[in-house]
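Following: one structure in structure tokens, then a few remarks.
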Amino acid sequence: MQLFVVQRVDDYTANSAVFVQDLVDKIKGRGVEYRCGEIGMIQDISQIMRHEHETKSVDSASKVLATAPTMKRQTGFKITTKDGFAHEFDYVVLAAGVNTPLFARKLSVGESCPTYPLRGYSLTIYTNHTQDKDANGQLENRKSANLLNMPLSIDDMYCSSVGVNMARMAGFGELVGYRDKAADVPSLAPRVMARYARAIFPESSVTEETALQCFRPCSPDDIPIVGEVSSVPGLYMHTGHGTLGWTLCLATSECLAQAVHDDINCNETPSMYQLPGGITVDRALLSPDRFL
């Protein structure tokens with residue numbers, strides 16, 4: 001099997017799972033509470049009107065869930081979780097991946113989030129590369145020792161190292177609906193990816209059964225949806241990254257943080273987001289309002 005690949009000499013790679021877990025731990029250390037799994041699963045979200053002057057939203061155990069400005073907004077949000085508790089918030093960020101439009105529809109702003117799930121696959125490849133003398137030497141010298149010298153692209157699939165003896169291949173895009181319906185739609189993607197993986201790494205024992213499917217929220221113009229929904233003050237979106245979620249998320253998260261910060265502090269809204277390195281991004285380019 002003859003393969004032609006494109007090496008990405010100006011690209012970087014990282015292990016997203018390790019990064020996210022470390023980020024979660026750091027955020028928890030700042031006092032943020034995560035409500036996950038069956039107990040924290042959101043059952044309903046709605047917009048509410050209120051006039052009281054409060055500074056905190058508190059649950060039944062008197063544990064602070066969110067801190068708000070001195071004077072509450074006249075509008076807010078009530079989120080009911082599967083455990084039966086209802087919590088009120090001044091600001092909400094919808095960042096639920098492919099499920100974001102489902103929540104948006106509950107707030108009658110589905111037209112601001114016209115994303116669609118795109119099914120793709122990732123395949124983790126393990127080898128005995130740790131036996132390589134050069135790799136071991138790099139590890140002893142505390143230098144980066146990766147399975148690949150640089151990421152590569154091959155037939156619309158992307159492959160990069162996430163460790164000295166581990167690489168990850170990702171690719172394919174299938175319009176097969178949401179996860180529950182997609183289960184009935186077969187795919188040749190895992191078989192094709194495993195075949196390519198064995199060709200690139202003949203010492204690996206990778207099989208198609210180890211391929212994982214993922215559903216990416218794709219926007220109509222393939223640009224992330226980031227910012228406030230103007231028709232519902234306090235409601236923000238962070239979705240629509242498509243196949244580039246790990247690539248773009250840090251930049252778009254910074255954009256979102258700036259938008260929320262300006263809103264909370266009643267700052268005049270600038271036309272551009274300011275990113276490190278002097279990079280600017282037009283707010284209108286990412287705005288959920290661009291689809292209206």
Side-chain angles (χ1 to χ4, degrees), residues 8 10-27 30 32 34 42 45 66 77 89-104 107 109-118 120 122 151 158 160 162 168 170 173 214-265 267-292:
R8 315 294 286 264
D10 58 347
D11 212 344
Y12 297 88
T13 184
N15 191 322
S16 58
V18 173
F19 174 87
V20 170
Q21 186 57 58
D22 187 60
L23 179 62
V24 168
D25 293 341
K26 283 182 168 57
I27 292 176
R30 291 176 174 264
V32 174
Y34 281 81
I42 295 177
I45 179 172
F77 304 91
F89 299 94
D90 294 319
Y91 302 89
V92 165
V93 176
L94 296 182
V98 295
N99 292 319
T100 302
L102 305 182
F103 291 113
L107 296 168
V109 291
E111 65 276 7
S112 296
C113 187
T115 61
Y116 192 84
L118 183 71
S122 67
Y158 187 84
S160 62
V162 288
R168 186 159 294 140
C214 52
F215 290 80
R216 300 115 164 193
C218 293
S219 67
D221 53 9
D222 204 26
I223 296 175
I225 303 172
V226 182
E228 187 176 31
V229 180
S230 61
S231 61
V232 182
L235 178 66
Y236 291 80
M237 291 188 183
H238 190 234
T239 186
H241 296 71
T243 61
L244 298 176
W246 175 225
T247 304
L248 301 176
C249 65
L250 296 182
T252 56
S253 295
E254 173 64 28
C255 294
L256 177 67
Q258 291 180 24
V260 176
H261 177 272
D262 290 341
D263 191 0
I264 291 177
N265 292 279
N267 296 338
E268 182 177 349
T269 303
S271 61
M272 308 292 284
Y273 292 116
Q274 303 294 326
L275 299 180
I279 299 173
T280 59
V281 179
D282 188 345
R283 292 195 179 210
L285 178 68
L286 303 179
S287 173
D289 293 342
R290 71 181 188 267
F291 300 110
L292 304 180

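Residue numbers run from 1 in the order of the sequence given.
Contact record, Ser112 with Val229: OG-CG1, 3.9 Å, taken as the closest heavy-atom pair. Pairing each heavy atom of Cys113 with each of Pro101, the nearest pair is O-CB, 3.3 Å. Taking all atoms of both residues into account, the shortest heavy-atom contact from Val109 to Ser231 is CG1-OG, 3.7 Å. Tyr91 and Tyr236 get closest at one heavy-atom pair: CD2-CE1, 4.1 Å. Contact record, Phe215 with Pro117: CD2-CB, 4.1 Å, taken as the closest heavy-atom pair. Shortest non-hydrogen contact noted between Ala104 and Met237 is CB-CE, 3.8 Å.
Taking OG from Ser219 and CD1 from Ile225, the interatomic distance works out to 5.0 Å, rounded to the nearest 0.5 Å. One distance of note links NE2 of His238 with OG1 of Thr252; it measures 3.0 Å at 0.5 Å rounding. In this structure, OG on Ser253 lies 8.5 Å from CG on Leu23, to the nearest 0.5 angstrom. From Leu285, atom CG reaches atom CG of Asp221 across 7.5 Å, with rounding to the nearest 0.5 Å. Remark: Asn99 CG to Ile42 CD1 distance equals 10.0 Å, nearest 0.5 Å. Taking CG from Leu250 and CD from Glu254, the interatomic distance works out to 10.0 Å, rounded to the nearest 0.5 Å.
Looking only at distances, no side-chain donor or acceptor of Glu228 sits under 3.5 Å from a matching main-chain atom of Val260. Without hydrogens or angle criteria, Arg290 side chain to Leu286 main chain gives a donor-acceptor distance under 3.5 Å. A distance-only check finds no donor-acceptor pair linking the side chain of Ser287 to the backbone of Arg283 [under 3.5 Å].
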Does the pair Leu94 and Thr239 meet the rule for a side chain to side chain contact (heavy atoms under 4.5 Å, CB included), with working shown?
-> CA-CA 8 Å; Leu94 296 182; Thr239 186; over 6 Å; no
Met272/Asp282 under side chain to side chain contact (heavy atoms under 4.5 Å, CB included): CA gap, chis, key distance, verdict | CA-CA 5 Å; Met272 308 292 284; Asp282 188 345; 4.0 Å; yes
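Side-chain contact between Phe291 and Pro288 is absent, with no heavy-atom pair separated by less than 4.5 Å.
There is no side-chain donor-acceptor pair under 3.5 Å between Gln258 and Asp262.
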